[in-house]
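Chain letters run A, B, ... following the sequence lines, proteins first and then strands; every chain starts at 1. Note that this is a predicted model, so its numbers are computed, not measured.
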2 protein chains.
Amino acid sequence: MGTKDQTNTGQHDRVLDELGTRITSGEFPPGHTLRIEQLETRFTASRSVIREAIRVLESMGLVTSRRRVGVTVAPRTAWNLFDPRLIRWRLNGTDRPALLLSLGQLRHGVEPAAAALAAHHATPEQCGTLTGAVMQMAVHGRSGDLHAYLDADILFHRTLLAASGNEMLAALADVVAEVLKGRTGHDLMPAHPEPAAIRWHAEVAQAIQARDPHAAERAMRDIVDEATRATQHPPA
Amino acid sequence: MGTKDQTNTGQHDRVLDELGTRITSGEFPPGHTLRIEQLETRFTASRSVIREAIRVLESMGLVTSRRRVGVTVAPRTAWNLFDPRLIRWRLNGTDRPALLLSLGQLRHGVEPAAAALAAHHATPEQCGTLTGAVMQMAVHGRSGDLHAYLDADILFHRTLLAASGNEMLAALADVVAEVLKGRTGHDLMPAHPEPAAIRWHAEVAQAIQARDPHAAERAMRDIVDEATRATQHPPA
DNA sequence: CTCACCCTAAAGGTATGATTAATTGGCCGT
DNA sequence: ACGGCCAATTAATCATACCTTTAGGGTGAG
């Protein structure tokens with residue numbers, strides 16, 4: 001004891017965030033080994049707290065813990081890159097551009113497939129949400145309100161992934177949302193969004209309502225490809 | 001040695017596996033709350049062990065822990081479905097068919113895209129590994145050694161995903177491997193694998209070596225579609 | 001009768017002592 | 001002189017005692 005905590009609840013989360021950030025940023029490179037006693041003093045926390053954080057990092061594949069050796073930072077190939085916490089740490093770090101490219105290519109594969117499935121499984125409510133989101137995008141795209149545009153864009157993609165009826169695809173909604181947010185937040189968007197993008201969104205919504213999987217898939221592919229292209233070649 | 005060592009020396013992993021299985025199987029349904037003291041006696045383990053397991057489950061989104069109330073099982077929408085451990089638990093549970101369908105649809109989107117990227121980025125070593133894996137599949141497919149066939153199949157897909165040059169796609173290798181293992185381990189494979197599957201694998205390897213993204217993508221799509229179809233209509 | 005405040009105990013969170021396993025280095029046998 | 005085996009050391013792992021928070025009921029004033 002002795003040290004007064006400035007944060008009442010969340011010793012564990014504090015240490016976990018700190019460690020995760022240090023590791024993903026490269027301050028603790030793969031192969032480097034840490035001793036838990038050293039971490040106790042570094043973060044002024046007890047072994048329980050450190051150990052629980054280490055256990056979580058281990059479950060993410062970030063580190064491996066071996067007796068008599070210490071906690072070793074694992075090679076990047078062992079990392080569980082789909083963990084939302086890990087994605088957040090990396091989006092705040094230096095390899096943000098590379099990560100956005102990787103996520104764009106992932107979307108290229110996933111979202112058209114989800115659109116095709118949604119053409120089969122979407123409920124009337126979901127169709128309504130999709131068309132509503134497109135209208136919001138059109139309105140705020142013309143007025144230049146990028147924040148409202150972003151919200152509608154996120155709603156559109158989240159609804160579409162949920163409408164696929166596939167829980168794994170639906171689970172990717174948070175990842176896609178992070179990508180969209182990252183694009184707007186780092187000035188990778190023009191002052192007025194590409195009119196073609198809005199048109200493609202409308203095409204997807206229409207195709208899904210018309211139960212046309214092929215058209216939905218193709219239009220969605222156009223959306224994602226344009227988005228990835230725009231991310232790689234910023235307008236500014 | 002087919003499956004990864006699950007019997008690692010450690011109380012922690014045992015408790016984690018037990019709890020994860022119970023939760024995913026529905027024995028502890030969402031909304032149900034557990035007390036740590038109760039779990040201590042149930043698993044004859046100490047508080048630290050239980051707590052560390054709980055912390056890992058919490059990081060997977062399976063449970064939330066609140067003071068004075070206990071550990072509450074989270075709704076399924078909060079679960080981090082891409083965690084390999086969670087996938088393994090669910091593949092051993094009752095909703096295995098539905099999960100295999102979801103994963104098949106995911107592969108349908110992801111693996112063809114990875115094949116197309118691999119046609120651009122694959123190194124000569126990776127091309128060699130791919131063709132080698134195909135040869136192993138042909139040999140063991142004819143001899144009926146399903147275990148060796150499985151290893152070669154996993155190696156093929158893992159190498160292809162790595163060759164895409166995209167870390168997110170490469171990270172899905174464990175997921176795909178779990179699907180393939182699950183298929184063989186639960187007698188969803190015929191005694192001799194589909195000859196067409198082996199031919200398509202060979203086509204993918206050839207197309208990648210020839211730097212033909214479109215052909216690679218199409219052949220890979222054939223592979224995944226056949227695999228999903230086969231898992232939905234078991235031969236037995 | 002209702003509401004607000006406080007007070008208690010129940011349960012998770014934290015800190016530290018005890019245990020076990022694995023690496024290192026020295027010693028003995030060949 | 002070289003290689004394998006044993007023990008001493010070290011750091012993770014396990015166990016337990018203590019602290020902090022908060023749900024939920026009880027009490028008193030309005």
Side-chain angles (χ1 to χ4, degrees), chain A residues 1-20 22-23 28-75 78 85, chain B residues 4-20 22-23 28-74 78 85:
Chain A
M1 274 274 302
T3 53
K4 276 288 186 178
D5 314 331
Q6 47 184 353
T7 53
N8 273 347
T9 65
Q11 287 267 80
H12 171 83
D13 290 326
R14 194 200 87 222
V15 173
L16 181 58
D17 254 29
E18 278 274 347
L19 269 175
R22 306 269 171 113
I23 291 175
F28 298 142
H32 187 250
T33 90
L34 310 151
R35 288 181 300 286
I36 162 169
E37 189 182 6
Q38 157 196 22
L39 295 172
E40 279 183 54
T41 62
R42 191 118 149 64
F43 297 108
T44 55
S46 79
R47 277 210 298 291
S48 311
V49 173
I50 305 289
R51 271 183 57 68
E52 284 167 21
I54 292 293
R55 272 313 219 281
V56 172
L57 292 174
E58 191 176 31
S59 93
M60 294 192 213
L62 280 185
V63 302
T64 59
S65 188
R66 289 170 50 201
R67 277 198 142 114
R68 170 66 186 175
V69 152
V71 178
T72 309
V73 178
R85 224 182 299 233
Chain B
K4 277 200 171 181
D5 44 344
Q6 198 155 329
T7 56
N8 255 356
T9 59
Q11 295 261 90
H12 171 83
D13 290 327
R14 179 181 63 89
V15 173
L16 181 59
D17 254 30
E18 278 273 348
L19 269 175
R22 306 271 171 112
I23 292 176
F28 298 142
H32 188 249
T33 88
L34 311 151
R35 291 189 308 285
I36 283 191
E37 189 184 23
Q38 158 194 22
L39 295 173
E40 281 182 52
T41 62
R42 193 115 149 62
F43 297 107
T44 56
S46 165
R47 204 181 175 78
S48 314
V49 173
I50 303 288
R51 274 183 60 56
E52 284 166 22
I54 293 291
R55 272 307 213 276
V56 172
L57 291 174
E58 192 176 32
S59 93
M60 293 192 212
L62 281 185
V63 301
T64 59
S65 186
R66 286 170 53 202
R67 285 190 168 203
R68 173 63 188 177
V69 71
V71 178
T72 309
V73 178
R85 223 182 302 231

Gln38(A) atom CD, over 12 foreign heavy atoms within 6.0 Å: yes

Electrostatic pair Glu52(A):Arg55(A) at N-O distance under 4.0 angstrom: no

Arg14(B) side-chain N/O to Phe43(B) backbone N/O, donor-acceptor pair under 3.5 Å: yes

Nearest-angstrom distance from the residue atom CZ of Arg14(A) to P of dG13(C): 16 Å

Nucleotide-resolved protein contact map, nucleotides 8-13 of chain D, B/S/- at heavy-atom distance under 4.0 Å: -BBSBB

Leu39(A) CG - dA15(C) P separation (whole Å): 15 Å

Sequence-distant partners of Glu18(A), salt bridge (Lys or Arg N to Asp or Glu O under 4.0 Å), two or more places apart: Arg22(A)

Residues forming a salt bridge (Lys or Arg N to Asp or Glu O under 4.0 Å) with Arg42(B), sequence neighbours excluded: Glu27(B)

Under-4.0 Å side-chain N/O to phosphate OP1/OP2 contact, Ser46(A) with dA15(C): yes

Contact check, side chains of Val71(B) and Leu39(B), non-hydrogen atoms, under 4.5 Å: no

Rounded distance (Å) that lies between atom P of dG12(C) and atom CG of Leu57(B): 14 Å

